[in-house]
Structures are given as C-alpha cells and as structure tokens.
Amino acid sequence: KMALVAVQLCALLIQATVSRNQSAAGKPHIIFVVVDDHGWNDFGPTESSHLRTPNINKFRDQGVRLMNNYVQKVCSPTRTAIHTGRYPHRMGMQTPFCGGMPQGLNLNETLMPQYLSEVGYTAHAVGKWHLGFTTWNHTPTFRGYSSFYGYYNCAEDYFSHSVPLKNCTYGIDFHDDKEPNCGAGCSRPALEAVACPSCYSPEEKISQQCYPGNDRMCYTCDDISHYSTILFAEHAVALITNHPSEVPLFLYLPLQDTHGPADVPAFYRNKFKDIPDNVRQELAGKMAIVDEFIKNVTDTLQTKNMLSNSIIVYTTDNGGPIVPTTGAPDDAIGASNWPLRGGKHNAYEGGVRANSFIWDGRGVLHDLVSTGKMWHGLMHAVDWLPSLCKMAGCKPFPSKPGGKYGLQLDGMDISSALMANTTSPRTSVILDIEKPTGAWGNLYGAGVVRNGSWKLFVGPGSPSRPGDWSNPQPWANVTHSEPTYSHGPYQLYNIDVDPEERHDMINSTDVDPQIIENLKQMYEKEKEVAVYPFNLGPAGHPNAQGVWEPWL
C-alpha cells in the first residue's frame with residue numbers, strides 16, 4: 001500500500017508538472033525596464049533634448065508610447081505600485097527610505113513575480129531593489145524572484161557600489177543572490193564588481209565635503225567595467241542566454257541610471273561635447289548607456305529567438321529631478337521634463353507623468369501602431385500587474401487562498417483597451433497621500449488626486465521642492481518662475497486643457513463647485529484609510545565586513 005501511495009503521489013506530481021509546462025507553453029516573455037529618474041524630455045534626438053537614444057526610439061516607435069501613464073513622485077512608491085497593483089499609501093510606502101532606515105514592503109503583499117510563477121514563469125531581477133531589506137524575507141529572492149543581481153538600497157556610487165555614511169565611511173551594497181530564498185549563507189556580496197574603494201586620502205575627503213547626501217559621494221572614478229549599468233547588461237545577457245526559450249521569462253530590469261550621482265564614464269560623456277553644460281553631458285552619457293543596455297538585451301533575445309514572443313515595458317519610476325529656481329541644486333542630474341511642470345519629489349505632471357512605452361513582438365498592438373503609436377488612455381503604475389497578468393494568463397486575485405491575504409487591487413486591466421485603441425477603463429488616479437504636517441497639513445491634509453481631466457492638490461505637499469517648468473534648453477533647466485505649490489491650501493488644474501499646469505482654477509467661477517467637492521471627497525476617502533510610513537525595528541548598519549545586508 002505504501003508503495004502504491006508513493007507511486008500515485010509521484011504520478012500526481014508529474015502530471016502537475018506536465019500540466020504546468022503545457023500551460024506555460026506559448027506565453028510571452030516579459031521584459032520590464034525601469035529607468036530611474038527619467039525625464040519627460042529625455043529621449044533623443046529631439047530639437048530640445050540633444051540626446052541620442054536610437055535603440056530606445058526604435059522600440060518606442062514600433063510599439064506604443066503611453067501618454068497618460070502615471071507613477072508616484074519618487075522611487076519606492078512606484079516600485080511598490082508596479083509589484084503589488086496597489087497604491088503605496090495602502091501599506092505606508094509613500095516615501096523612499098535609504099541606508100539603514102528600517103522600512104520595507106509588507107510581507108503580506110503578493111508581488112508580480114509570485115503571480116507569474118503560478119503559471120509557469122521564471123522570474124529574475126537585475127538592478128535596484130529599493131523595496132526594503134530589513135530581513136532576508138524582504139529581499140527579492142524571497143518575494144518571487146529566482147535570482148537577484150544588484151543592490152538593495154535607494155542609491156549608491158556607480159563604480160564603488162557603496163552607500164555613504166557618517167565620517168566618510170561606506171558600506172558596499174552589491175549582491176549576487178543566485179537562487180530562490182537566497183538568504184544568510186547563500187547571498188554573496190559581489191565584491192568583484194567594486195572599483196575604486198578609496199579615491200581620496202582622509203584629508204582630500206574632508207576637502208571634498210564628504211557627507212551623507214553629497215551628490216558626488218566623494219568618488220571620482222572612470223572604470224567602465226565596474227559601472228553598474230554595464231554590469232547589469234552583462235548579467236541580463238547571461239540570464240537570457242542560459243534561459244530555456246520555451247519557458248516564459250519575466251525579467252525585471254530596474255536600472256540605476258539615470259539617478260544621481262551624476263557620474264558616467266568619460267567614454268560616454270565625451271560623445272556629447274556639443275551640449276554646453278557639463279551636467280547635461282553627464283545625463284546624455286547616462287542615457288547613451290541605457291540605450292546600449294536596451295540594444296544588448298534585445299539583441300540577445302533575438303539571437304535566442306525569444307524577441308518575437310516578448311513584451312517589453314519601458315518606464316520611469318518618477319520624473320526627472322530639476323534644479324529649483326533658488327537654493328541648492330538638490331539631486332538634479334541634468335534632467336528635463338519640458339514642457340511639463342515640476343519634477344521628481346512633487347506631483348506636478350513633470351514629476352508623475354511617466355516617460356513610458358510598451359512593445360509587443362507578437363504583433364497584437366499592430367492596429368494601434370498603425371494609427372499613431374500613442375495611447376492617450378489614463379493609466380497608473382498599479383495597472384501593470386493586472387494587465388500583464390491578463391496577457392500572461394495569471395489571475396491576480398488577492399482574495400484567493402494560499403497567501404493572498406484578502407488584499408484588494410487598485411490596478412485595472414487596461415490591456416484590452418490598449419490593444420484595441422479604445423478608451424481606458426480608468427477614470428481616476430491617486431497620485432499622493434502624505435502624512436499631514438504643518439499648519440495647512442493639520443487643517444487640510446496633504447495629497448493629490450485626479451478624476452477625469454481635473455487634478456486637485458491638497459495642502460502643502462513638498463513646498464521645498466521645485467514646482468517650476470523645465471526650460472526648452474535643458475541646460476538652463478528651469479524657467480525663473482515662482483513656484484506656487486505652497487501658496488494656498490488647494491490648487492486645481494484641468495489637465496486635458498492645461499497639461500503644463502499654468503492656470504490654477506481653484507478660484508475660477510468657470511468651474512462647477514461640485515467638481516471641486518467631488519475631488520475633495522475622493523481625497524478624504526483615501527486619507528481615512530491611508531497607512532503612513534512606519535519602522536519595523538531599529539536602524540541598520542553595514543556588517544563587520546562593511547557590507548549592507550539584512551539586520552533584523
């Protein structure tokens with residue numbers, strides 16, 4: 001009897017495996033690229049951008065550019081939205097966290113690679129994680145990825161792969177996690193990726209104003225072979241080369257570029273001597289590396305005969321950071337969001353309207369491509385999960401038993417509307433729900449919502465961040481306008497009519513008061529259920545070997 005039971009169990013396992021493999025056959029490979037801090041005007045060449053991105057342009061022009069695709073105003077929140085299909089204010093992920101800040105994406109959230117693995121996909125992640133690493137369970141290979149190569153943190157040096165701490169000390173954050181659930185004893189610091197561990201003497205470091213947040217991170221280095229995006233390209237190419245083409249692949253590629261610091265190998269920067277601004281030259285060099293990355297990945301897919309059965313999603317996590325009219329340059333990297341207003345850190349269009357497109361090698365977007373290569377339907381980063389699941393055959397139902405915890409998606413499946421070039425099923429988006437602070441915050445709260453064409457700002461938001469307009473000449477960066485983000489408790493814009501947000505309509509007699517009231521109610525409803533950022537424990541530090549890894 002025992003032998004018979006064993007045989008029956010074995011047969012059931014084989015049958016399940018065969019069924020899973022059969023169901024996986026023919027599913028599209030999904031390549032999901034996130035370019036960090038990618039400005040709206042940072043494709044090229046255009047008359048104003050002065051960049052050159054021929055390979056990105058090729059897939060954008062053969063695919064569909066998404067003209068009303070929204071993201072959150074900073075990194076972690078958008079990555080949360082992409083992975084969970086839920087707004088980040090549902091789980092306290094509205095703001096980014098860096099270094100040893102003890103925060104992370106809740107472990108009761110089910111992520112995109114976990115849904116896809118249920119229908120036969122193998123998932124790998126290469127690049128920037130930034131969804132928390134306080135415990136090993138928060139790291140990528142415990143969240144659905146079969147491997148991870150990159151860094152856990154928010155930002156680091158491109159060459160030394162280190163995160164600055166106090167007194168000019170550093171922690172290395174570059175990991176090679178080769179298998180699922182790769183924690184202590186498995187996760188390996190990729191020290192061979194590290195270049196220029198000490199570029200300055202202690203005296204020189206002091207003279208370079210080495211401190212946490214310094215844009216240059218105290219390093220000057222020019223070793224192309226150790227530059228993060230070059231390393232990521234090599235690893236992504238190796239993954240594709242070694243991947244069985246009949247098995248559906250989900251390859252998540254969140255790049256470090258074009259995030260600060262504004263360092264790039266001279267080989268790439270020197271291609272843009274025609275740009276009369278050093279910082280914009282750095283940005284142009286970074287985008288040239290991203291463009292080369294796209295070519296390397298897609299060429300390898302083509303060599304493996306996988307490209308014709310691939311979907312490529314290309315998006316930013318937020319708008320490009322811009323220089324404020326007055327004050328320090330902050331984290332500006334030469335980005336341009338022209339003609340949109342604002343940039344990273346605020347929810348003006350320049351900060352939250354994503355430079356993005358989708359390309360499908362199977363030809364299912366053919367009708368849309370032939371009608372103009374642009375889709376103007378409203379969508380948000382939360383929509384990627386249900387939409388890609390529809391294309392891949394998975395069912396992202398958070399209430400499904402087996403680890404889904406009854407959580408409800410905010411994302412909507414826009415795939416049918418996208419492929420048919422019809423109206424989006426989405427009519428509203430939540431762009432920001434912040435913890436109320438200060439006089440206005442205590443009275444009104446703080447957030448940004450859009451319903452139809454109308455967009456309402458509530459409270460002070462981020463008054464220290466620039467709300468200016470990028471200049472048509474990117475090296476000028478912003479116009480000399482006065483930001484108005486903090487000049488009143490409410491702002492109102494008709495985005496369809498005024499996408500540059502130049503005309504605040506909050507006091508206009510031409511606006512139906514019910515429109516404003518509906519937007520306020522929409523915001524109040526979300527504010528009531530918002531969870532604000534919280535700590536999971538004490539702050540962390542690099543380990544005794546100077547490597548960042550989980551500490552709780």
Q: Would you verify whether the NZ or CZ of Arg502 falls within 45 degrees of the ring axis of Trp469 while also being under 6.0 Å from that six-membered ring's centre?
A: yes
Q: May I ask you to decide whether Glu156 forms a salt bridge with Lys128, counting only side-chain N to carboxylate O separations under 4.0 Å?
A: no
Q: Please name the pair of heavy atoms, one in Asn337 and one in Gly39, separated by the smallest distance, quoted to 0.1 Å.
A: OD1-CA, 3.2 Å
Q: Check whether Asp37 reaches the backbone of Asp257 with its side chain - one donor and one acceptor, N or O, closer than 3.5 Å.
A: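 Here the side-chain-to-backbone pair does not exist.
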Q: Looking only at atom types and distance, does a side-chain atom of Arg450 sit under 3.5 Å from a main-chain N or O of Ile495, one as donor and one as acceptor?
A: no
Q: Distance-only, no hydrogens or angles: does the Asp410 side chain make a donor-acceptor pair with backbone N or O of Tyr87 under 3.5 Å?
A: yes
Q: Identify which one of Trp129, Phe232, Phe148 satisfies the ring pair (Phe, Tyr, Trp, His ring centres under 6.0 Å) criterion when paired with Phe174.
A: Phe232
Q: Would you please indicate yes or no on a ring centroid separation below 6.0 angstrom for Tyr152 and His138?
A: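 For His138 and Tyr152, the ring centres are not under 6.0 Å apart.
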Q: Is a donor on one side and an acceptor on the other found under 3.5 Å between the side chain of Thr258 and the backbone of Asp36?
A: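 A pair under 3.5 Å: yes.
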Q: Cation-pi check, Arg86 to Trp384: give yes when NZ or CZ is under 6.0 Å from the six-membered ring centre and within 45° of the ring axis, no otherwise.
A: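 Relative to the ring axis of Trp384, which defines the angle, Arg86 lies outside at least one limit.
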Q: Is a side-chain donor or acceptor of Gln281 paired with a backbone partner of Ile275 at a separation under 3.5 angstrom?
A: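 A pair under 3.5 Å: yes.
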Q: Please report the C-alpha distance between Val34 and Thr316 in whole Å, then the side-chain angles of each, then the deciding distance to 0.1 Å, and finally whether the side-chain contact (heavy atoms from CB on, under 4.5 Å) criterion is met.
A: CA-CA 5 Å; Val34 180; Thr316 184; over 6 Å; no
Q: Centroid-to-centroid, His235 to Tyr149, below 6.0 Å?
A: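 Judged by ring-centre distance (under 6.0 Å), His235 and Tyr149 do meet the cut-off.
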Q: Give the intermediate values and the outcome of side chain to side chain donor-acceptor pair (under 3.5 Å) for residues Thr53 and Asn57.
A: CA-CA 6 Å; Thr53 54; Asn57 294 1; 2.9 Å; yes
Q: What are the two closest heavy atoms between Met112 and Ile82, and how far apart are they?
A: CE-O, 3.3 Å
Q: Step by step, work out the side chain to side chain donor-acceptor pair (under 3.5 Å) result for Glu349 and Tyr70.
A: CA-CA 9 Å; Glu349 294 293 286; Tyr70 282 95; 2.7 Å; yes
Q: Quick check: closest heavy atoms across Glu501 and Tyr493, and the distance to 0.1 Å?
A: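 Scanning both residues, the minimum pair turns out to be O-CE2, 3.5 Å.
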Q: Decide yes or no for Ser336 and Asp42: does some side-chain heavy atom of the first lie under 4.5 Å from some side-chain heavy atom of the second?
A: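 Yes; the side chains approach each other to less than 4.5 Å.
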Q: Rounded to the nearest 0.5 Å, how far apart are CG of Leu307 and CG of Asp299?
A: 9.0 Å
Q: Minimum heavy-atom separation for Arg426 to Leu378, with atom names?
A: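 Closest heavy-atom pair between Arg426 and Leu378: CB-O, 3.5 Å.
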Q: Is Lys286 close enough and on-axis enough to Tyr158, meaning under 6.0 Å and within 45°, for cation-pi?
A: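 Cation-pi check for Lys286 and Tyr158: passes.
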Q: Parallel, tilted or perpendicular: which describes the rings of His83 and Tyr252, with under 30° parallel and over 60° perpendicular?
A: perpendicular
Q: Do Phe357 and Phe59 have their ring centres less than 6.0 Å from each other?
A: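 So the answer is no for these two rings.
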Q: How many angstroms lie between atom CE of Met374 and atom CG of Asp61, to the nearest 0.5 angstrom?
A: 8.5 Å
Q: Which heavy atom in Asp432 sits nearest to a heavy atom in Gln72, and how many Å separate them?
A: N-NE2, 4.3 Å
Q: For Ile30, does its backbone N or O pair with a side-chain atom of Ser310 as donor and acceptor, under 3.5 Å?
A: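 Side chain of Ser310 to backbone of Ile30: no pair is present.
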Q: Yes or no on side-chain contact (heavy atoms from CB on, under 4.5 Å) for His259 and Lys344, after CA distance, side-chain angles and deciding distance?
A: CA-CA 11 Å; His259 196 288; Lys344 179 182 180 179; 3.4 Å; yes
Q: For the residue pair Asn278 and Arg269, confirm or rule out a side-chain donor-acceptor distance under 3.5 Å.
A: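 No - no donor-acceptor pair under 3.5 Å links their side chains.
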Q: Please determine whether disulfide bond (SG atoms under 2.5 Å apart) holds for the pair Cys154 and Cys75, giving the CA-CA distance in whole Å, both sets of side-chain angles, and the decisive distance to 0.1 Å.
A: CA-CA 8 Å; Cys154 65; Cys75 353; over 6 Å; no
Q: Restricting to non-hydrogen atoms, name the atom on Leu51 and the atom on Phe43 that form the minimum distance, rounded to 0.1 Å.
A: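 In this case the closest contact between Leu51 and Phe43 is CB-O, 4.0 Å.
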Q: Between Tyr314 and Arg60, is there a cation-pi geometry (under 6.0 Å to ring centre, at most 45° from the normal)?
A: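 The answer is no; the distance or angle limit is not met.
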Q: Looking only at atom types and distance, does a side-chain atom of Ser76 sit under 3.5 Å from a main-chain N or O of Pro96, one as donor and one as acceptor?
A: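 No: the side chain of Ser76 does not pair with the backbone of Pro96.
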